[in-house]
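Take a look at the structure set out below.
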Amino acid sequence: MNFSQQLSLIKTLVPEGEVDTRIDCPFCNHTNTLIIRRIDSDLFWNCFSASCSAKGKHEGEMSMQQVYETVVMKEKEKEKDFVMPKSFVSIFSTDKCTDYLKKNHCIESYIKGKAKIKYDVKQHRAVFLIKEKEKVKGAIGRGLNSQVYPKWFMYGSKTYPFICGNSDTAVLVEDCASACAVSETHTGVALMGTSLPDRYIPVLKKKFKKVIVALDRDATTKAFDISNQLRYYMDTEVKILEDDLKYFDKPQIERLFNE
Ligand SMILES: [Zn+2]
């Protein structure tokens, strides 16, 4: 029997899943000489009879569980070890970068050490580093002119939000620049859009007593959706904005939240 004939016969002899068995060999008819093992999805068989040539190894398709373990777990491994690209340099390397950070009220958070920001020479972006405690897990870069596409780019992990500030009240905002601006009075958390990714919920639960969802008037419905998602875990509030928080300086932000 050739390999594929042996394989189809072996498959009919054993159940799904892990197998480690010794049976009568259907190829040579000797008693208890055929060993069959399936480890993960790989099937091995071997007959100990000297006169028998039954022997083979078949690497099968991966089950969903195995796909998860090999692919998804490896992705998670990658997140742990975000390697900062060599193209990330000081924000002071170009005026374009510092100008952007000043105009969008981010420079204060950088100077006060609340935000780690770099300039990506290669992509011409102001890059906000995503940190969990002191570990850098990824980064989010803002293109510094209209030719840079997409406007916002995610480097590495997307499982953890960009957070800026030390307050136990979080303000959920649309982007990193607004998160930096609001860190003057609260802790800014960048959604990078107008919806709340599920994977951010445990982070918010753990770190904050209160969350204020501060989105643009266009996203009012979404702001209330987010507030509803979180209200079981902590105090929530919705603040509808007439303009992005990144255009506000500290006194303006203070006024806005004291209204
Ligand atoms: Zn045999």
Side-chain angles (χ1 to χ4, degrees), residues 1-88 120 122-123 127 129-141 149-150 152-163 190-193 195-207 229-230 232-233:
M1 267 193 214
N2 67 26
F3 171 80
S4 66
Q5 288 168 325
Q6 284 188 31
L7 175 63
S8 13
L9 181 55
I10 293 284
K11 277 183 174 171
T12 65
L13 298 175
V14 291
E16 291 292 312
E18 291 263 301
V19 171
D20 188 353
T21 188
R22 187 164 179 154
I23 56 169
D24 296 346
C25 180
F27 307 104
C28 68
N29 296 317
H30 282 99
T31 306
N32 218 21
T33 54
L34 182 70
I35 285 178
I36 307 175
R37 286 202 182 103
R38 189 191 281 113
I39 301 162
D40 295 331
S41 54
D42 299 339
L43 191 60
F44 307 86
W45 66 96
N46 188 20
C47 178
F48 284 104
S49 165
S51 60
C52 182
S53 62
K55 184 180 181 169
K57 177 186 173 195
H58 174 70
E59 295 180 349
E61 287 173 18
M62 288 196 282
S63 67
M64 279 317 291
Q65 180 61 26
Q66 286 169 299
V67 170
Y68 177 80
E69 279 165 10
T70 54
V71 182
V72 181
M73 293 307 280
K74 273 184 193 148
E75 282 298 314
K76 285 191 173 167
E77 286 299 310
K78 270 190 229 161
E79 285 163 20
K80 278 185 206 153
D81 300 315
F82 176 73
V83 179
M84 194 111 65
K86 290 202 170 65
S87 57
F88 286 13
D120 182 358
K122 207 160 127 194
Q123 291 204 33
V127 179
L129 302 185
I130 298 170
K131 289 192 308 167
E132 185 181 10
K133 298 194 175 111
E134 281 314 298
K135 198 168 175 67
V136 178
K137 302 200 83 184
I140 303 170
Y149 182 85
W152 290 94
F153 177 80
M154 310 281 290
Y155 302 79
S157 164
K158 291 171 187 148
T159 57
Y160 202 84
F162 173 78
I163 298 174
L191 296 174
M192 299 316 296
S195 48
L196 175 68
D198 286 341
R199 57 190 180 275
Y200 290 2
I201 295 174
V203 180
L204 298 175
K205 269 163 71 177
K206 199 172 145 195
K207 291 181 83 81
Q229 268 177 282
L230 293 171
Y232 300 104
Y233 310 117

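Please read these numbers as outputs of a predicted model, since none were measured by experiment. When a ligand or atom number is given, it counts from 1 through the structure's own listing order.
- Under the 4.5 Å side-chain criterion, counting only non-hydrogen atoms from C-beta, Phe48 is not in contact with His30.
- Around the Zn ion (ligand 1), protein N, O or S atoms at less than 2.8 Å number 4.
- Side-chain contact between Lys57 and Phe44 is present, with at least one heavy-atom pair separated by less than 4.5 Å.
- With rounding to the nearest 0.5 angstrom, the CG atom of Asn32 is 9.0 Å from the CD1 atom of Ile23.
- Remark: Met1 engages Gln5, Gln6, Leu9, Phe27 in a side-chain contact (heavy atoms from CB on, under 4.5 Å) (not counting sequence neighbours).
- Within the 4.5 Å cutoff, the side chain of Met84 has heavy atoms near those of the Leu129 side chain.
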Next on the checklist: Working note: Tyr155 + Asp120, criterion side chain to side chain contact (heavy atoms under 4.5 Å, CB included); need CA distance, chi angles, decisive distance, verdict.
Outcome noted: CA-CA 11 Å; Tyr155 302 79; Asp120 182 358; 2.6 Å; yes
